Every structure is written in C-alpha cells, then in structure tokens.
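Beneath this line is the structure, given in structure tokens, with notes to follow.
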Amino acid sequence: MPYEPKLIEEKWQHAWADAKVAEVDVNAPGEKFYMLNMFPYPSGDLHVGHGRNYILGDALYRYFRMQGKAALNPMGWDAFGLPAENAAIKRGIHPRQWTVSNIEREKKQFLRWGILYDWSKELASCDPGYYRWNQWLFLKLYERGLAYRAKAPVNWCPSDQTVLANEQVVDGRCERCSTVVVQRDLEQWFLKITDYADRLDAGLDTLEHWPEKVKLMQRNWIGRSVGADVEFTVDALGKAIRIFTTRPDTIFGATFMVLAPEHPDVVTLLTDHPDRAEIEQWIAGVRNQSNLERQEAGKEGRFTGKTATNPFTNEPIPIWLGNFVLMQYGTGAIMAVPGHDQRDFEFAKQYDLPIRIVVRSSYADAPSAADLTEAFAVKDESAVAVDSGLISELPTPQAIDRIIEEIERLGIGKKMVRYRLRDWLISRQRYWGTPIPMIYCERDGIVPVPESQLPVELPLDVPFTGREGNPLAKDERFVNTTCPRCGGAARRETDTMDTFVDSSWYYARFISAHDDTRIVDTALANRWLPVDQYIGGIEHAILHLLYARFICRTLYDMGLVSFEEPFTRLFNQGMITKEGYRDAEVGTWVAIADVKWVDGNPVHKDTGKALLAETSKMSKSHFNVVPPDELIDRYGADTERVYTLFIAPPEKEAAWSDDGVVGAYRFLGRVWHMGEQILAMSGGGVGRGAVVTRKTHQTIEAVTRRFDRFEFNTAISGLMELSNAIGEALSSGDVDAATLRDSYTTLLKLLHPFAPHITEELWMMLGNEGFILTSPWPKADPALMVEDVVTIVVQVNGKLRGQVEVPNPPEKDVVLAAVRANEKVRQWIAGKELVKEVYVPGKLVNIVVKG
RNA sequence: GGGAAAGUGGCGGAAUUGGUAGACGCGCAGGUCUCAGAAGCCUGUUACUUCACUGUAGUGGGGGUUCGAUUCCCCCCUUUCCCACCA
C-alpha cells in the first residue's frame, strides 16, 4: 500500500478530538506543564509561516505529553481590532460576523495541521464574558490611581473627520483619502505603567529563560538612567528652571542651557524679545514635526535673550531653545556641556557658543577647547575631572557621587532616576474593542460604572461609515445613561480599549475560562501559572510582553495571583520568507502566474521584462504566500510539519522552498514502506543487530537532548539517520525481526511529535494498543550506546594521516602501540625528529615531528 | 548615531568541552525501471590535482594563542535586526 496521507490524517484528527486527548482537568494531580502559543488575531488567512509557530508548539506539547507531564495547551482569539472594523466599512460585514467566521476557518486549519488544543478552555476577547473582566480590571486600576485621564495628541483626518491609528497614516496622509493628517489633542485614558518602571526593569534579571535579545529590548525601552535634577536660577523669571542630567560631574562645563520649544517657561522668557513673532513661528514649525523630521532637520535653535546662573561657576549662561531637546523626557530642559556631549557640541559649533573642558582622559592632558573635533564623553574610571572645583582630579564615577552630595547639601537638586518609558495610552476612538466603563455626569464629573453593571456591552447594531468618528459615539442609546451616583442624566465614555489590554492577562483566564464570578480563580491560577513555555513572534518583544508583565504585577498587588512574572520561559520563532518577483523599474510585485523563466532568470510572461527575485515576508501584495491547503492536499500535514521544522533552526528566519518539501515527503514515504516490510518480516540474521540497537539508543539520547534545546532541525536529521540505518539493516538481511521491530517502534515514537498522523497509523498497524501519543517517551540505555571498538584518529603535526582501531575502552599504551605499528604513520614520520606525542583519550593521537 | 546578532559547498543548514569541517536534506550528474515521461530506487557530489590511489587549499579578510582553531583573543570588512537627538 502506498503512503497516502489523505487516507489517514483526517481519521486520526477525529480520533484525537473524539477521545478529548488534549482536555485537561485542572483539578487532577500530576506535574503540570503550561504551554502557550500567543493567541492569534483571527484575520482568516493562515499561511505556512503562521503554521511554523503552532506546529512548533504542538510538537513540544506532544513531547511533554509523552514525557508524562500533565501538559496544558489552550488556545483563544485576540478578536478585537481594526481589521474587523475595516471589513465592516469596506464590505458591509459586521465586525462580529467577520471575526466569528474567521475564527471558524482558523480553527479548521489548526485541526488540519493536526494540532491539539484544549478547546474546552477556548476564549475570545470580543466575547462579553471575557471583556467584562477587562472592564473590571480597569475599574480596579482606576481605584488604585493607576488609570487617569489626560490630553494627548492623536492623528486626525480632517476630511473623514476621524481619528486614525498609526498604521492608517501612510507618509503623513490618510490611508483612505490621502488627506494630510494633523495632530489633535484629545482627553484620553492612560494606565500608569511608569509607576512600575523600576519593578519591570529589575524583574528582567529574574527571567533566566528569556532570550537575552528580548530582555535587552525591554531594558532599553524602559530606559532607566540615574543622574540628578539640578535647579538653575533664572532672574528674568524670578525662579529656577530644573534640568535633568546623567553627568552632574560636568556641571562646571555647562556653558549654556537649552529648553524644549514646548517648555512651559518659554512664553514668559520671550515676552519682551524683539524677534518674538519670528521665534514663535519657528516654535510652531518645530512642534508640527515628527521626531524623525526634527532629527533630519539638524540642530536648530533660537536664543531667548535671557540667562540662567550656573550654580557652581556662578556665571550667567545663555538660555536657548533647541529642536533637539524633547519635552517628553526629563524636565524638557538641559544644561548644555558642549565639551562632553556630542549633541551639545554640535549645537555650540552651530551657534558659536563657548566650549569648556572639564574632563580629561587619565592617560592624556586635556586638549584645548579650540582643537576639539568631537565631544569627549568617556565616563568610566579612565576619565578624571579637571578645572571643576571640589571634584577636580576625581575619577568620573567618584566625581558624580561627590557632586550629587554637594548639590543635595546646597538644596538645589537631588539624585534622580528617570525612565524613558511613558504611560500607556489605552484609549482608542474605535468601535470594535472593549468599552471603557466610565460615565460623565454634569454634576458628579467622572464616575466609574459600578461593578454590578458590568459588562458595559458593545451595541451590535451601529452603522459603519469610516467617517465622522467612532460609531459608538453616534449611538444615542449607548451614550445616554444615568449617573450611578446622582441618578441624573449622564453620558458614557465612547472610547474603547487598546487591544493590548485584552492580551495582557488572557493567559491567566484559560485556567478558569468560564468562571462568571471572578477574573481568575486564584487557587487554580497559582497552581497552573506562570506559563512554563510561551511561544510567539519577536514582534511582541516589547509592547505585549511588557504590558503583560505590568498587568501581572498589578494582579499580584491586588492579591489575585502569587507571582510577578507571567512567563517563565519564552521562545521567539523566526519568520518564514519566500521569494517573490518584482519589476525592477517600477518596483511593483508580479503574480507568480505572470512569471516566466528564461535561462534561469525570471521575466514577465507578457512584456518579457527582466524581473528581480527578492525574498521577503509572506504577504498577499508580494504574491509569495504559501497557503497550507494545497500543500496538505498534495503531501499531507505531516510533510508540512516535518519540512517546517527541518528547514532551519526555529528561532531563525527561514526561506520556504517548494522543492525542499519533497525531501520531507520522501522521508515519510520511506518510513511508511519500511513499516510494511517490517510487519511482513520474520527471521533474519544476527550479524548487525548490535549496530542498529546502538544507533537507536544514540538517537533517543540525541533527539531528547535536542528537544530540550529547541533544536528541532537536527532532531529530525537524527531521525533521518536512524531511518537510513534501519533501512540498510533491512536490506542487508543480517538483523533479526525482533531487533528491527524494536528500533522501528522507537523511531515512530521519536518521530511522533513531528509527524503525528503517520506514526499513529503505523503504531496501530504494528498491532499496538492505544494512542502512540499517550505511550511513554523512550529512554536511552547508556550501556547500549557504547561502541565495541574505538577509532582513533592519527595526526602528524595536526594533519590527519590515518586511523587505528582499538578495543573499547581505549587504553593509552594500547593506542600508542597501535599508532607506532601503523605502516602509514611510520612513512610520514620517517627520517624526522620526534618532538612529542599528544594523546586525547578516546579521540586522537597527534605526533609532532621536526625536520 | 547607539545597541545586538550573524558571515561555512550551487542552496537550507550540521559540527557536546578547542580534536576526521560540510551530518541531514534540496539541487545537480550518472545509472535502474518505462514505449516515453512522472514518481520511486541505487551511486556520486567543497575546489584544484589525478584514469585512480594520493596530494594541496579551504569555514568573510588579516594577525595571535595552541601539538591542533568553524570554535578562544585582537583588528578590519560585510549583512540583518532593534532603538533612534532620552540629556
């Protein structure tokens, strides 16, 4: 019988589902292992690149299962979001309907891949039973002062009269109507993640099993820096301006001050300036620029005409406005030390401001300020302060400590830790999201919706035009309500929550997905959480994972869970890319159907124009998406699974090759035919049994180790080697049936996580009871892995010159005697002076000769 | 501008601690089967040299440590990713 995946895959998919093999009773005993793939946004089109993520998770799940763990592998849907609303606007389908039908499609796809999830715990963030707890969480955060309202700019399309998400702004214009987008200040809701900046930063040190790369990205995003706030008196204001610096030791070299153009004191400073109108115009221009535009514009500034007093030199220093000083960081004002900060240096050169040297390398004299071509910004022990009063000649680290002491003693400032991290803006002027449970009353102001009134449900019958703002705001039945406090007429908040709120705690909800009385069941959560293995794309390295870590800490502070870090181990799989073809001149992508090959080069079928082959992320617009359906119809899901994990190390980007798939299919075909032969076989010789058994046990050891290290590609190559070894033994006829059958059964078990259907079928064909999935993972017997003879490599002056075989374990005297007796080695060293013999136990002998 | 990762055959990639570089697979070549093709199976496949045995070179480039370096150290080049005027 030929290997026909079609005939067996669906059968086993139903068998596993019917037996509910993946359903976990959370109260049952056993060693828990919580696996989790990041829940997907149901866009409806899963391609083989998405498949990599879930197939990898499923292989691990099956492995842990066979290792005897009580493994939990749930799945849900990150179901709120903009694309659903766009579909409603463009195609007139309700976001809910669009989302639900996509979920159905994706669920079928998971099934076809042979992926086992515990569907009894399924959740969708657009379900009121889920998002009511988003609202509950928001109310708790509000109670604790962690949710607040403030003005913040949004992208506003003046033509469509609506707020745009960043993704909807293309080159500064509205994605839909190409109108130039403007910034508009709106009152919006924030979560105070900055209160947790220090804990989020410190917690990174405890995450031993997270990729260093992700931790570093988070650390940079939080951006902790230690320095000092210092006040500089400004006579014109009759008060001081506060600056933040990480280099208070350079304060003797602060020769001017720079304020952000948005700094609140700017208006007062400019009141009597002769060129006030011009400067205000300049400020308005800078304010309208994005950060990127500001940077491209180069360093620009204006002199306010006023001075501040440097508290250490007591000199008046000019106060400038500068486009490179950001209002959002620190105090929006800096002391400029052009000798020791590159930005300040460039600004000083631009406007011819004085430069003073107050730090030098401890290996060299200080250069003269006039000779300086760039700022000297070294700040370790190898730098010392000069011309700096009380800290002169102190190495920089000590100078910093000493000057901060002095600043604090003088009462003009203090040591300060600041973060780059900003508060989390969660308001979205969108329909398809969790309504923020707040009410505005003329009399009582902002009033939270009482818990008993949750969920605040999203009305379903609203019109979608894509114009004139949020559809929710136009639904009078939703907006008009009564004040929970005074009972008078009031209006509801119509902003919905950022979908990152939904995904910041969903992992905890799976454990008690249907509990209508509380957000999490604390006792069960503490048993099953944190997640033991979290799997997802690197694109979530910063926002999702940081928000999840933040919300987890707030749950911890409320006493709802007993842990602060939600994910013990994190794995980021790489993307799958594929070659696409584009017109080199115009730059547009060409559909595969329009590509013709001439002498191995792609050209356009109609125009004959040469095309450029380019490998990129799969996307419809690049015509390089590989849909799993055709692939599975032709080769089966097992082939896709094996190929996907074999193609490259899982954390790396991998290029899809249609040809390569065939290799995986052939491999499975060979395993299949071997199974039929072994089933029919009896008798056989005994000559090579030990060789096959040894290879089998070596493979058990290797595959197990590689699973633990996520080295799926080499685990599969190891299984191919074992299969080749069994195949050779089979055709040699020199191995007995029982030995071959044992090795083959082991191969099936080791292969099961990668190719579940075919192995399950063969397991049954060989007459075994139950599922191979629930059979135990094989154990390697070290005694059976040991070789009878050892091959010792012989080198002369480090070059391979022969090999000798000695009985295992190899003894030094025996090995050296064998080497000396080796004819070829004797030729190589003949007539030369022996310098030494190096013996690496069990591996090699290197003979060093001279002449 | 700052930070991180990585450079190995025609291609994807392999090489526990420094110890036979190129496992495994694709592709390619030859063979087998076939009226023919597809699929399968067998053999070969780093380059140069040789009919062959063999030999020489070889893991981005240059240097170092070592009996021995893809692996460790220093310098340089290239690519990719992330953050981007964060004081």
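Hydrogens, waters and symmetry mates play no part in the numbers below; they use all other heavy atoms, side chains included. Source: prediction; values computed, not measured. Order of the sequence lines sets the chain letters (A, B, ...), proteins ahead of strands, with each chain counted from 1.
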Protein and nucleotides 4-12 of chain B: nitrogen or oxygen contacts under 3.5 angstrom:
residue : atom : partner  : partner atom : Å
B/G12   : O2'  : A/Ile647 : O            : 2.5

Looking for any heavy atom pair under 4.0 Å, which part of the strands does A/Arg224 touch: base, sugar-phosphate only, or nothing? nothing

As an exercise, state the distance from CE of A/Met257 to CG of A/Leu321, rounded to the nearest 0.5 Å. 12.0 Å

Ignoring backbone atoms, test whether A/Arg801 places a side-chain nitrogen or oxygen under 4.0 Å from the OP1 or OP2 oxygen of B/U20. no

Could you measure the distance from the NZ atom of A/Lys299 to the CG atom of A/Asn323? Nearest 0.5 Å is fine. 7.5 Å

A/Arg705, nearest nucleotide to its side chain (from B/A87, B/U16, B/A84): B/U16

Does A/Ser657 place a side-chain N or O at less than 4.0 Å from the phosphate oxygens OP1/OP2 of B/G27? no

Looking only at atom C1', what distance separates B/G13 and B/A6, rounded to whole Å? 14 Å

Using a 4.0 Å heavy-atom cut-off across all strands, classify A/Gln795 as base, sugar-phosphate, or nothing. base

Between A/Asn724 and B/G25, is there a side-chain N or O to OP1/OP2 distance below 4.0 Å? yes

For A/Leu645 and B/G13, give me the distance from atom CG to atom C1', rounded to whole Å. 15 Å

Separation between the C1' atoms of B/G19 and B/A29, rounded to whole Å: 34 Å

If the glycosidic angle is within 90 degrees of 0 it's syn, otherwise anti, so just tell me which one B/G9 is. syn

Can you tell me the base-pairing partner of B/U78? Count Watson-Crick or G-U wobble geometry only, both distances below 3.5 Å, and say none if there is no partner. B/A6

Contact class for A/Val848 (heavy atom, under 4.0 Å): base, sugar-phosphate, or nothing? sugar-phosphate

On RNA chain B, nearest-nucleotide positions of A/Glu701 versus A/Gly330: which is more 5'? A/Glu701

Say you pick atom C1' in B/U66 and the same atom in B/U17; how far apart are they, in whole Å? 16 Å

Going 5' to 3' through nucleotides 41-48 of chain B, assign each nucleotide B (protein heavy atom under 4.0 Å from a base atom), S (under 4.0 Å only from sugar-phosphate atoms) or - (no protein heavy atom that close). S-------

